[in-house]
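First comes the structure, then the notes that go with it.
If you read the sequence from its start, that first residue is 1, and numbering goes on from there. Only a predicted model underlies this, so the values are computations on that prediction, with no experimental measurement involved.
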Amino acid sequence: MAEMRANSDWAKEIAVKAIIWLADQPDRLGAFLGATGAQAGDLRTAVQDPVFLASVLDFLLMSDEGVVAFAQDSDLAPEDVLRARADLPGGDLPNWT
């Protein structure tokens, strides 16, 4: 159980880094806000919601280029983004694409 909690905390940290990264990328942030319906002013409180954090990683995972750019800028492997997504709500669901 402690390992699961650690993975979840790690995944949340990755997602928060992704939000910060998106905030520095106006075009990507605009696309994310448009896709999710979130408001820029709500981001600070939304980071407390694991479902919202999952949506951030889902957005990044929609584009190989986005995942690679985020991973490079964050000193992560692109696979780390997928692993983090798997540890957030809904991440255990099969991907049929």
**Asked** Mind checking whether W21 and W10 sit in one hydrophobic cluster, side chains of I, L, V, M, F, W, Y counted as touching below 4.5 Å?
**Response**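 Per the 4.5 Å side-chain linkage, W21 and W10 are co-clustered.
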Are I14 and V68 linked, directly or through intermediate hydrophobic residues, by side-chain heavy-atom contacts shorter than 4.5 Å (ILVMFWY only)?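 Not linked; separate clusters.
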Which heavy-atom pair separates [X] from [Y] by the least distance, and what is that distance?
{"X": "S55", "Y": "F32", "result": "O-CE1, 3.9 Å"}
{"X": "A18", "Y": "V56", "result": "CB-CG1, 3.6 Å"}
{"X": "R28", "Y": "G66", "result": "NH2-CA, 4.1 Å"}
{"X": "L88", "Y": "A11", "result": "CG-CB, 3.8 Å"}
{"X": "P89", "Y": "A54", "result": "O-CB, 3.7 Å"}
{"X": "L57", "Y": "R85", "result": "CD1-N, 3.7 Å"}

Note to self: Can you tell me how far apart CG (L53) and CG (D58) are? Round to the nearest 0.5 Å.
What the structure shows: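 One gets 11.0 Å once the value is rounded to the nearest 0.5 Å.
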Please confirm whether the backbone N or O of L76 pairs with a side-chain atom of S74, one donor and one acceptor, at under 3.5 Å?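 A pair under 3.5 Å: no.
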Take D73 and Q25 through the side-chain contact (heavy atoms from CB on, under 4.5 Å) test and state the conclusion after the steps.
CA-CA 12 Å; D73 289 349; Q25 315 259 335; 4.3 Å; yes
In the structure I gave you, are the side-chain heavy atoms of L43 and F52 within less than 4.5 Å of one another anywhere?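 Result yes, sub-4.5 Å side-chain heavy-atom pair found.
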Practice task
Please step through side-chain contact (heavy atoms from CB on, under 4.5 Å) for the pair L29 and I19, ending with a clear verdict.
Solution key: CA-CA 8 Å; L29 179 61; I19 292 170; over 6 Å; no
